[in-house]
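Working notes, structure below.
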Amino acid sequence: MPRGAAAVRPSPLRLDPTGRRLPPPLFPSHANLQTLGHLGRAGHAHSWVVMTCSMADKEFALSGSDQNPDLTCKNPALMALQAHRTEAGSVRASIEHSEDVVTGNRLPALVAAMNALTPATPLDPARVEHEVLTRDQQLLNDYGKDAQWMSVRNARAYAPERALRIAPPHRLLDPAHGPLIALRLRPLTRKTLGGVQTTLDAQVVRPDGTAFDGLYAAGEAAGFGGGGMHGYNALEGGFLGGCVFSGHTAGRALAARELA
Ligand SMILES: Cc1cc2nc3c(=O)[nH]c(=O)nc-3n(C[C@H](O)[C@H](O)[C@H](O)COP(=O)(O)OP(=O)(O)OC[C@H]3O[C@@H](n4cnc5c(N)ncnc54)[C@H](O)[C@@H]3O)c2cc1C
């Protein structure tokens with residue numbers, strides 16, 4: 001499978017390349033920017049998420065899958081089907097063919113497969129086992145204080161999340177939910193978050209603030225989230241709208257210029 005952007009939701013265990021669990025709140029799908037900062041400051045080029053098959057079924061998604069037609073067509077019947085189907089085909093293909101995914105029926109086999117993938121930075125199997133057992137023990141009673149489990153339970157209080165996107169809490173070492181899956185995550189640039197400044201008519205502005213006659217910019221080339229339509233915030237999933245809208249603005253300005 002070609003490399004792509006994967007999204008992992010809140011239940012899997014996230015480890016740094018030494019096998020140490022990332023501190024709260026740096027769990028999957030929480031505080032992604034802080035997670036990148038944490039890993040970058042430590043000089044880590046990758047991290048791991050470890051999950052069960054049941055977690056992968058509901059929580060391992062490929063980027064953009066939320067835009068699937070079942071949701072965007074607002075078809076409740078298809079959405080109900082989606083609850084059971086997930087993105088089975090593409091996710092299964094990722095697990096079977098991705099160079100970043102390994103599996104194991106038991107934890108020692110999984111860690112061995114992870115280490116075969118990253119021989120330069122091998123995980124300490126005892127450290128990984130300690131992290132897994134410590135987290136699993138927090139599920140032994142309903143009042144466990146593990147911050148990640150508390151967050152998962154909170155997210156599952158919302159019925160659509162519970163039905164569609166977040167697996168019921170279960171132990172990583174519960175064989176009923178196996179086999180285990182580990183996914184190596186590496187940072188990927190998928191948005192520029194930069195671009196040139198423009199006027200509201202999409203005309204490029206020089207550093208001295210004067211308009212650049214005849215030069216127009218749209219989409220990511222024109223700033224955060226497509227023409228800076230969302231200010232300085234890069235709202236996940238909100239780029240295409242800004243890109244299309246800023247293209248429309250530039251097109252109208254150019255047409256008006258031609259007619260003038
Ligand atoms: C994996 C991934 C998932 C994403 N998911 C979402 C999402 O779910 N929702 C969302 O809103 N946004 C998403 N985005 C972001 C969104 O796709 C981009 O912000 C948007 O497509 C940018 O549009 P654009 O027209 O500015 O640039 P692009 O779509 O990159 O278009 C630029 C075009 O210019 C062409 N080009 C480059 N150089 C030259 C040249 N010298 N001469 C001629 N042509 C050239 C390129 O080939 C390209 O076709 C995602 C991005 C990625 C990478």
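Remember, it's 1-based here, ligands and their atoms both numbered in the order they're listed.
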Is A218 in polar range of ligand 1, meaning some N or O pair under 3.5 Å apart? no
N or O pair under 3.5 Å between C243 and ligand 1: no
With a distance cut-off below 6.0 Å to the six-membered ring centre and an angular limit of 45° from the axis, does R135 pair with W149 as a cation-pi contact? yes
Looking at G219, which atoms of ligand 1 are within less than 4.0 Å of one of its heavy atoms?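 Under 4.0 Å from G219, ligand 1 has these atoms: 26 (O).
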Contacting atoms of ligand 1, where contact means under 4.0 angstrom from a heavy atom of G238: 11 (O)
Please list all pairs meeting ring pair (Phe, Tyr, Trp, His ring centres under 6.0 Å) that have one or both residues in residues 156-178, counting only residues at least two apart or in different chains. H170-H177
How many angstroms lie between CZ in F27 and CG in L13, if you round to the nearest 0.5 Å? 10.0 Å
Closest heavy-atom pair and its distance - R14, S47: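 Looking at all heavy atoms of both residues, the shortest contact is NH2-OG, 3.0 Å.
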